[in-house]
Amino acid sequence: MKHLVISELLILSDKEGKAIRLSFDRKLTVIVGANNTGKSTIIKSIYHSFGAEPVRQHPRFKGAEPKTLVKFSADDVTYQLIRDGSYFAIFSGEGKFLKSFNRVTDGLAPYLANLFDFGLVLASREGEPTVPPPAFLFLPFYMDQDSSWVTAWSAFDRLYQFTGWRDSIVEYHTGIKDNAYYRTNAELITARGQFSDAVASEDGVKKVLRRLESDIAAASFSLDPAIYGARIERMLSESHNLATTERTFKSKLTQLHSEKSLQNTRLGIAQKALGEISQDFNYLVKTGEQEIECPTCGTNYSNDFAVRFAIASDEDRVVEFIAHITAELARIDNEIQEVYQQYAIAQQQAESIQGVLNEAQGELTLAEVIESEGRRAADNLLTAQLNQLGEIRTTAETKMGKLKDEVEVLNVRSRSLRADRIEEYADVLRKNFVSLDVQLYARRVFEELNPYLFETGSTLPRALLAYQFAILELIAKYSPSTVCPIVIDSPNQQGQDREHLPQILRFLATAQPVGTQMVLGIESELDVSFPGTIFKTPDRKYSLLSEHDFDSVHREFHDLMQLSIRQS
């Protein structure tokens, strides 16, 4: 374990231009002063400098807007800590800047916990494992005049942010449950929280998925963009192919119609030629003359059988040619008809495909596409999230089982230690009760480390002092953390008589656990010998700070503050 030893406390009020510098003895410092002379101000300022808030501070002192500088060591490593309102800055003993903070709970507290090996972890009211503020480190070591002489474990303000902290703090400081226990228990709290969060999140995701599944099932079209895109792509390809076929048919028809026109021209020529040949043959037969004069050129031509036969043969060839052309025209017409039929079929297919394409393209409105795709994306996302939550839950559940086993092993050990600690505590408490003239309580007071001490009048403060020092005896021997200075303010409570007040002071002078430092505030020494340093506050009221110390104290503050501002 470590030991925290305070060497010096400086209090500065720039507002009043006053200050005080107070040195502390390594073993015992007794601050003697009447009411309202600053005795309690010094004592309250000690742990207030470390971020622990006393139950009450005098409004006059708060109005002076004091700053504090406390110099201390932890296992002979020296430090300096400044507090200016909610601002904290820590330095090495040589004045090297280390760190600054504007918050206690999530700033200064974890830093001091690491510095002082303070491993206590408590569950917040939200169930989160939390390093408690410095007050929980210093609580066993401080008895404040405003509350500690009425109820144990009440010297600081703002302690109720955690539930069930009293038993935890007693068990921790007496070493029944050490840093290893609370470190493992903190992991268990975290794993339990992760498990609960995962289960709750899974339930929520499952509800949303069921709703989405019902919405998706009600949709009349596929929401898969790949399938929808492929469908459109196929129809576009088929439409394109049919359009190409249509162009081929049109070209073929154009060719056939051109060929038919040519054959019709030939047929007309042949029919005309056939008519002329027939007229010539009939004229030659009818005229009977052997020679015939050409009416155009005047040349005489023979009108014999050979001539008439040649004309007849020409007529037969023309007739044959006309028959051929007629057959070609019939073939062309048939081919044209066939092409038209194929063209019509292709046209119907193209129109049908285009219609389907138009229908498919217009099938989903933009809003429907967005909504459908959103549902599918949400479904995929939530399914992935559900799987991830399942993995987190399983991992947390497995870790919980392992940590529960480890905590149970540590609990078995702590139960054995508790029995030993209670036995030792009961022996010390009985001796303390005798030393302070406290009548023995019921058996339960000696069987619990956090008993309810019920007493009336002046006996209650003595009983609480006896109890506190029984606990401190265990802490000095078994603390897993740092043993801090024992700070006690004004034990003369509830009108202690002339017999009991000296008895209290003698007890305090002799009952201090070995190896500890103590700061004691009393109104008078009453001829009791204290082995340490005696500091007497000024006789005048409300004059603890003085102008005499201001310059030197202000200079130290100023130099350190400037260093912290430059380097933070």
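Throughout, numbering of the chain's residues begins at 1 and tracks the sequence.
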Asp76, CG atom: more than 12 neighbouring heavy atoms under 6.0 Å: no
Between Phe88 and Tyr111, does the ring centre distance come in under 6.0 Å? no
Under a 3.5 Å distance rule, please check whether Gln496 uses its side chain to pair with a backbone N or O of Ser458 as donor and acceptor. yes
Roughly how far apart are Glu8 CD and Ser23 OG, rounded to 0.5 Å? 4.5 Å
Report yes if some heavy atom in the side chain of Thr41 is under 4.5 Å from a heavy atom in the side chain of Pro66; otherwise report no. no
In the structure I gave you, are the side-chain heavy atoms of Leu12 and His554 within less than 4.5 Å of one another anywhere? yes
Inter- and intrachain pairs under salt bridge (Lys or Arg N to Asp or Glu O under 4.0 Å), touching residues 184-202, at least two apart: Glu202-Arg393
I want to know whether Phe469 and Phe507 have ring centres closer than 6.0 Å. yes
What's the separation between atom CG in Leu472 and atom OG1 in Thr516, rounded to the nearest 0.5 Å? 8.0 Å
Quick one: NE2 on His48 to CD1 on Ile46, what's the gap to the nearest 0.5 Å? 12.5 Å
Main chain of Lys96, side chain of Ser92: is a donor-acceptor contact present, judged purely on distance under 3.5 Å? yes
Under 3.5 Å donor-acceptor, Asp489 side chain and Met143 backbone: no
Within-4.5 Å side-chain heavy-atom neighbours: Thr78 and Glu94: yes
d(Ser168 OG, His173 NE2) to nearest 0.5 Å is 10.5 Å
Taking the basic N atoms (NZ, or NE/NH1/NH2) and the acidic carboxylate oxygens, is any pair closer than 4.0 Å for Arg83 and Glu53? yes
Can you establish whether the number of heavy atoms outside Asp203 located under 6.0 Å from its atom CG is more than 12? yes
Using modelled atom types and a 3.5 Å cut-off, is there a donor and acceptor pairing between side-chain atoms of Ser201 and backbone atoms of Ala198? no
Flag, side chain of Ser490 to backbone of Asn492, donor-acceptor distance under 3.5 Å: no
Would you call Gln503 and Arg506 a side-chain contact if the rule is heavy atoms closer than 4.5 Å? yes
Between the OH atom in Tyr182 and the CG atom in Leu120, the distance rounded to the nearest 0.5 Å is 5.5 Å
Between Phe141 and Tyr47, does the side chain to side chain contact (heavy atoms under 4.5 Å, CB included) criterion hold? Intermediate values first, please. CA-CA 10 Å; Phe141 306 97; Tyr47 286 133; 4.0 Å; yes
By side-chain contact (heavy atoms from CB on, under 4.5 Å) - contacts of Asn185 (at least two apart): Tyr181, Leu188, Ile189, Val407
Value for OG1 (Thr130) from CZ (Phe136), rounded to nearest 0.5 Å, stands at 10.5 Å
How about Phe50 and Phe72: are their ring centres within less than 6.0 Å of each other? yes
Side-chain donor/acceptor of Lys2 to backbone N/O of Leu115, under 3.5 Å: yes
Might you work through the side chain to side chain contact (heavy atoms under 4.5 Å, CB included) test for Leu505 and Ile522, ending with a clear yes or no? CA-CA 9 Å; Leu505 297 182; Ile522 57 177; 3.7 Å; yes
Run the numbers on Tyr172 and Phe118 for ring pair (Phe, Tyr, Trp, His ring centres under 6.0 Å), then give the verdict. CA-CA 10 Å; Tyr172 176 75; Phe118 183 51; 5.6 Å; yes
Tell me whether Lys177 is salt-bridged to Asp167, with the criterion being a basic N under 4.0 Å from an acidic carboxylate O. no
I'd like to check Ile20 versus Val553 (side-chain heavy atoms, cut-off strictly below 4.5 Å). Are they in contact? no
If we ignore hydrogens and angles and just use 3.5 Å, is the side chain of Arg21 paired with the main-chain N or O of Asp549 as donor and acceptor? no
Which is it for Ser564 and Tyr87 under the side chain to side chain donor-acceptor pair (under 3.5 Å) test, yes or no, and what are the steps along the way? CA-CA 11 Å; Ser564 70; Tyr87 177 79; 3.1 Å; yes
Exam field: side chain Asp144 to backbone Ala155, donor-acceptor pair closer than 3.5 Å: no
Please evaluate residues Glu65 and Asp14 with respect to the criterion side chain to side chain contact (heavy atoms under 4.5 Å, CB included), reporting the C-alpha separation (whole Å), side-chain torsions for both, the decisive distance (0.1 Å), and the verdict. CA-CA 8 Å; Glu65 300 177 3; Asp14 287 319; over 6 Å; no
I want to check something: taking the side chain as every heavy atom from C-beta on, are Arg183 and Val121 in contact at a cut-off of under 4.5 Å? no
Does a sphere of radius 6.0 Å around CD in Glu448 hold more than 12 heavy atoms from other residues, nucleotides or ligands, not counting ones at 6.0 Å or beyond? yes
Between Glu473 and Lys431, is the salt bridge (Lys or Arg N to Asp or Glu O under 4.0 Å) condition met? List the steps. CA-CA 12 Å; Glu473 195 70 36; Lys431 294 176 184 177; over 6 Å; no
Side chain to side chain donor-acceptor pair (under 3.5 Å): which pairs involve residues 147-158, sequence neighbours left out? Trp153-Tyr467
Can a salt bridge be assigned to the pair Glu408 and Arg415 using a cut-off of 4.0 Å between side-chain N and carboxylate O? yes
Are Val519 and Ile42 close enough, and set up right, to give a side chain to side chain contact (heavy atoms under 4.5 Å, CB included), and what steps lead you there? CA-CA 10 Å; Val519 179; Ile42 294 172; 5.9 Å; no
Do the side chains of Pro485 and Leu4 get nearer than 4.5 Å, heavy atoms only? yes
Partner of Phe24 by side-chain contact (heavy atoms from CB on, under 4.5 Å), out of Val70, Ile6, Thr533: Ile6
Would you say Lys44's side chain and Arg56's backbone share a donor-acceptor pair under 3.5 angstrom? yes
Has Glu423 got more than 12 heavy atoms of other residues, nucleotides or ligands less than 6.0 Å from its CD? no
Do the side chains of Phe138 and Val487 get nearer than 4.5 Å, heavy atoms only? no
Could you go step by step and tell me if Asp497 and His500 meet the side chain to side chain donor-acceptor pair (under 3.5 Å) rule? CA-CA 5 Å; Asp497 56 35; His500 287 124; 3.1 Å; yes
Would a distance-only check, ignoring hydrogens and angles, find a side-chain to backbone donor-acceptor pair under 3.5 Å from Gln493 to Val150? no
